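In what follows, a structure is listed as structure tokens, so that the remarks can point back to it.
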2 protein chains.
Amino acid sequence: MNLIGTKWKPLVLFHLLEGGLRSGILQKKIPGISNKMFTQTLRQLEKDGLINRKVFPVVPPKVEYSLTERGTSLEPILRSLDAWGMEDCKR
Amino acid sequence: MNLIGTKWKPLVLFHLLEGGLRSGILQKKIPGISNKMFTQTLRQLEKDGLINRKVFPVVPPKVEYSLTERGTSLEPILRSLDAWGMEDCKR
DNA sequence: GCAATAACTTACCCAAATGTAATATACATA
DNA sequence: TATGTATATTACATTTGGGTAAGTTATTGC
């Protein structure tokens, strides 16, 4: 799954700890992430079974991401990374 | 510091949790790491202030690595990564 | 003299991660 | 008809992690 060895995954997960978010809002919480890496990271996390993707059939599109149970189980790790002041979680 | 975003750093630190080790022995605990990445990773960790490097002026050379206090403070993170079964810590 | 030893280092190369920028979709509305 | 909107994808370039293999050092012992 490679949570480690990737720049953005932990960051994305961290911002979902407080609850699900709309795509756009989540992205704004991660300054510096490119459009591409944002969706690419989400796709991977979804494939890893760590997040849910919920699409609302409206226009313009609305998509919400939230942690799965498995994703939530990472909370201790994500919080300790944050507490420790890991660069990648500071942004 | 980028503990995350690198393949080997957490692994090296993890194996030092139980105490300092000679270079060669530490390397053997990390199958798959190349000679180059091994020393390169150690240099980075040393620069990050996470490990100590102690050289014994003997022949053939003897070098021991151990965690600094700062490095030891990562123990909860390293252990939870391991407990979670992170791929990189399974080897 | 010459091989063996432990710990590195260096040159060279490839592949994977990431960045940039343009484009797509589908409908509402001015 | 043209524009805005939120989400996403694609092609292309660049950066960086990582591998391989050979060379370095300084001594001991055959």
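These figures come from a predicted structure and were not determined experimentally. Only this structure's heavy atoms are used, side chains among them; waters, hydrogens and symmetry mates stay out. To find a chain, count down the sequence lines: A is the first, B the second, and so on, and within it residues start at 1.
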Verdict with supporting geometry, A:D82 and A:F14, side-chain contact (heavy atoms from CB on, under 4.5 Å) = CA-CA 8 Å; A:D82 181 52; A:F14 183 78; 3.3 Å; yes
Looking only at side-chain N and O atoms, does [X] come under 4.0 Å of OP1 or OP2 in [N]?
X: A:Y65; N: D:dA8; value: yes
X: A:T6; N: C:dA16; value: no
X: B:R43; N: C:dA7; value: no
X: A:T39; N: D:dT10; value: no

Could you tell me how far apart [X] ([atom1]) and [N] ([atom2]) are, to the nearest whole angstrom?
X: B:R22; N: C:dA6; atom1: CZ; atom2: P; answer: 7 Å
X: B:Q27; N: C:dA6; atom1: CD; atom2: C1'; answer: 10 Å
X: B:Q44; N: D:dT16; atom1: CD; atom2: C1'; answer: 11 Å
X: A:K7; N: D:dT14; atom1: NZ; atom2: P; answer: 17 Å
X: A:K62; N: D:dA8; atom1: NZ; atom2: C1'; answer: 18 Å
X: A:M37; N: D:dT15; atom1: CE; atom2: C1'; answer: 13 Å
X: B:F38; N: C:dT9; atom1: CZ; atom2: C1'; answer: 14 Å
X: B:I30; N: C:dA7; atom1: CD1; atom2: P; answer: 14 Å

At what distance, to the nearest 0.5 angstrom, does CD1 of B:I33 lie from CD of B:Q40?
->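 The distance works out to 9.5 Å.
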Report the distance from atom OG1 of A:T6 to atom NZ of B:K7, rounding to the nearest 0.5 Å.
-> 14.0 Å
Can you check whether any acceptor in the base of C:dT18 is under 3.5 Å from a donor in the side chain of A:K36, or vice versa?
-> yes
Among the candidates [options], find the nucleotide nearest to the side-chain atoms of [X].
X: A:N35; options: C:dG19, D:dT9, C:dT9; answer: D:dT9
X: A:P61; options: C:dG19, D:dG17, D:dA6; answer: D:dA6
X: A:Q40; options: C:dT18, D:dA8, C:dC27; answer: C:dT18
X: A:P60; options: D:dT7, C:dT18, D:dA6; answer: D:dA6

When you match A:G24 and B:S34 each to their closest nucleotide on DNA chain D, which lands nearer the 5' end?
-> A:G24
Please work out if B:F56 contacts a base, only the sugar-phosphate, or nothing of the nucleic acid, heavy-atom cut-off 4.0 Å.
->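 Counting heavy atoms under 4.0 Å across all strands, no contact is made by B:F56.
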Touch check for B:S23, heavy atoms < 4.0 angstrom, all strands: base, sugar-phosphate only, or nothing?
->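 Sugar-phosphate: the residue B:S23, judged by heavy atoms under 4.0 Å, touches backbone atoms but no base.
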Is B:K9 salt-bridged to B:D48, cutoff N-O under 4.0 Å?
-> yes
Determine, step by step, whether B:E18 and B:R79 satisfy the salt bridge (charged side-chain N to carboxylate O under 4.0 Å, His left out) criterion, reporting the C-alpha distance in whole Å, the side-chain angles of both residues, the deciding distance to 0.1 Å, and the verdict.
-> CA-CA 12 Å; B:E18 309 302 334; B:R79 295 233 185 261; 3.2 Å; yes
